[in-house]
Amino acid sequence: ALALYRVAFLAAKTQQQRIETTIGIVRTAVWVRRPDLVDEYFILISTAKLTPEEEKEVEFVKGLVLFSLGKYKDALPYFFKLYRNYESYLIDNPDYYLLVAEDVYRLGNLNFAEQLFQRIVSLTKSPDVIRKAYLRLGDIELRKGNLKLAFVYYYTVISDYPDSEEAIVARLKIIPLLRYPEIAYRAQLSKDPAFKDPVKYVAQVLVNYRTTYVGIYALADLGYLVFKLGAPESVFKRLTWEVSLVF
């Protein structure tokens, strides 16, 4: 995509085409971690005269650049402006809305983040985004100490989207909570195989998803189980090796 955007930029015949392709270059360069291109092309849209629709896109891109650098506090004014003034734009671009809510979550404002993720679930139509929003709602309740509600959100992903990667992650998030009787009881009622033999499930997921987003959650559960089971030193050494592979 980045290569095609750059070709399109060179082939642009109007100022508007140059602006649109520049926005695409900057946004995509952030995803592929090319800060050199972000800096090179960002200057072009910073000084350009933009249409109202392009202004919305640029506000998001400004926030996205800062978010990608871990500067969540600096990104918030740009994201909040979008939410405050152009929420319809975020609804039309649910992946963007998810990042706005994620930024607020990472800043630790759980109540506001919860509000945003709930709006994403109720207003957007993207199943992929909705699944991720439900996971974060579960995380928020977990951080608040509301274990039962956290389980409800996690299990919503499992029941509504059983074959998704997010459903696997939801199961992995529930497994460490099985030490609480009220959660163990609800998990058993679900009759999900993952909760009948958590050790086996975690091992299978780790083998199948070792190098992915899902595999990192499985690795976290493996560490939890190693300590819980009082595993021998050889298992601990294996866990240390597994952790060393995580970027």
Side-chain angles (χ1 to χ4, degrees), residues 94-95 97-98 101-102 105-106 110 113-232 235-236 238-243 245-247:
D95 289 305
Y97 209 156
L98 191 69
E102 183 70 12
Y105 173 80
R106 295 188 187 190
L110 300 184
E114 183 175 21
Q115 176 187 329
L116 293 178
F117 284 117
Q118 285 176 341
R119 288 187 69 78
I120 288 171
V121 167
S122 62
L123 296 176
T124 65
K125 303 297 182 183
S126 168
D128 180 58
V129 169
I130 290 172
R131 294 194 298 266
K132 289 181 171 64
Y134 271 130
L135 283 177
R136 269 294 183 241
L137 284 167
D139 295 342
I140 289 170
E141 295 305 329
L142 192 61
R143 290 179 65 178
K144 288 182 175 180
N146 301 326
L147 300 184
K148 293 179 183 178
L149 191 51
F151 176 85
V152 168
Y153 281 128
Y154 292 148
Y155 195 73
T156 297
V157 181
I158 296 169
S159 59
D160 291 357
Y161 310 97
D163 299 323
S164 66
E165 289 191 347
E166 287 80 10
I168 298 173
V169 171
R171 293 183 183 97
L172 294 171
K173 285 176 178 284
I174 288 173
I175 284 173
L177 302 180
L178 296 177
R179 66 185 184 273
Y180 299 104
E182 64 270 31
I183 302 301
Y185 174 72
R186 285 169 170 76
Q188 288 172 357
L189 287 179
S190 72
K191 297 183 180 180
D192 193 300
F195 307 133
K196 291 182 179 179
D197 191 346
V199 177
K200 179 180 178 181
Y201 183 76
V202 170
Q204 288 175 335
V205 173
L206 187 60
V207 169
N208 293 329
Y209 295 89
R210 180 182 299 276
T211 60
T212 71
Y213 152 85
V214 176
I216 294 174
Y217 284 99
L219 183 58
D221 271 25
L222 177 62
Y224 165 74
L225 293 171
V226 165
F227 287 109
K228 178 186 174 186
L229 298 173
V235 180
F236 182 78
R238 173 73 184 193
L239 176 63
T240 305
W241 178 78
E242 292 279 1
V243 172
L245 301 180
V246 178
F247 56 84

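Just so you know, these numbers use all the heavy atoms, side chains as well, and skip hydrogens, waters and symmetry mates. The first residue in the sequence is number 1, and the count goes up from there.
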Asks: Within the side chain of R186, is there an N or O that forms a donor-acceptor pair under 3.5 Å with the backbone of E182?
Replies: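 Confirmed, R186 side chain pairs with E182 backbone.
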Asks: Where is the tightest heavy-atom contact between P162 and D160, given as atom of each residue plus distance?
Replies: CD-C, 3.5 Å
Asks: Are K144 and E114 ion-paired here, with the side-chain N under 4.0 Å from a carboxylate O?
Replies: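 Yes, K144 and E114 are salt-bridged.
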Asks: Compare every heavy atom of S190 with every heavy atom of F195, then report the nearest pair and how far apart it is.
Replies: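 Minimum heavy-atom separation between F195 and S190: CD1-OG, 3.6 Å.
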Asks: Out of curiosity, I175 CD1 to K228 NZ, how far, rounded to the nearest 0.5 Å?
Replies: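 Separation between the atoms: 9.5 Å.
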Asks: What distance separates F117 CZ from Y105 OH, expressed to the nearest 0.5 Å?
Replies: 8.0 Å
Asks: Between S122 and R119 (side chain of the first, backbone of the second, donor and acceptor by atom type, cut-off under 3.5 Å), is there such a pair?
Replies: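 Yes.
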Asks: Measure the CG-OH distance between L172 and Y217 for me, rounded to the nearest 0.5 Å.
Replies: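 Reported value, rounded in 0.5 Å steps: 9.5 Å.
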Asks: Do Y209 and Y213 pass the ring pair (Phe, Tyr, Trp, His ring centres under 6.0 Å) test, and can you show the C-alpha distance, the side-chain angles, and the key distance before you say yes or no?
Replies: CA-CA 8 Å; Y209 295 89; Y213 152 85; 9.8 Å; no
Asks: In Å, rounded to the nearest 0.5 Å, how long is the span from CZ of F151 to CG of L177?
Replies: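 CG of L177 is found 9.0 Å from CZ of F151.
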Asks: Among L206, I168, D221, find the residue that satisfies the side chain to side chain contact (heavy atoms under 4.5 Å, CB included) test when tested with Y201.
Replies: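 When side chain to side chain contact (heavy atoms under 4.5 Å, CB included) is applied between Y201 and each of L206, I168, D221, only I168 qualifies.
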Asks: Using every non-hydrogen atom in the two residues, find where L225 and P198 come nearest and quote the distance to one decimal.
Replies: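 Of all heavy-atom pairs spanning L225 and P198, the closest is CD1-O, 4.4 Å.
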Asks: Could you pull out the closest heavy-atom pair between S164 and V157, with the gap in Å?
Replies: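 Reported closest heavy-atom pair: OG-CG1, 4.4 Å.
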Asks: Could you report the tightest heavy-atom contact between V205 and A218, atom names first, then the distance?
Replies: CG1-CB, 3.7 Å
Asks: Rounded at 0.5 Å granularity, tell me how far CG in L137 sits from CG in L149.
Replies: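 With rounding to 0.5 Å, CG (L137) is 8.5 Å from CG (L149).
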Asks: What's the spacing between I130 CD1 and E166 CD if we round to 0.5 Å?
Replies: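 These two atoms lie 11.5 Å from each other.
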Asks: Would you call R143 and D139 a salt bridge, using N to O less than 4.0 angstrom?
Replies: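 No salt bridge links R143 with D139.
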Asks: With sequence neighbours excluded, what pairs up with A150 under the side-chain contact (heavy atoms from CB on, under 4.5 Å) test?
Replies: E141, L142, Y154
Asks: Can you check whether L239 reaches L219 side chain to side chain, under 4.5 Å on heavy atoms?
Replies: yes
Asks: If you compare all heavy atoms of Y161 against all heavy atoms of P127, which two are closest, and at what distance to 0.1 Å?
Replies: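 Minimum heavy-atom separation between Y161 and P127: CE2-CB, 4.1 Å.
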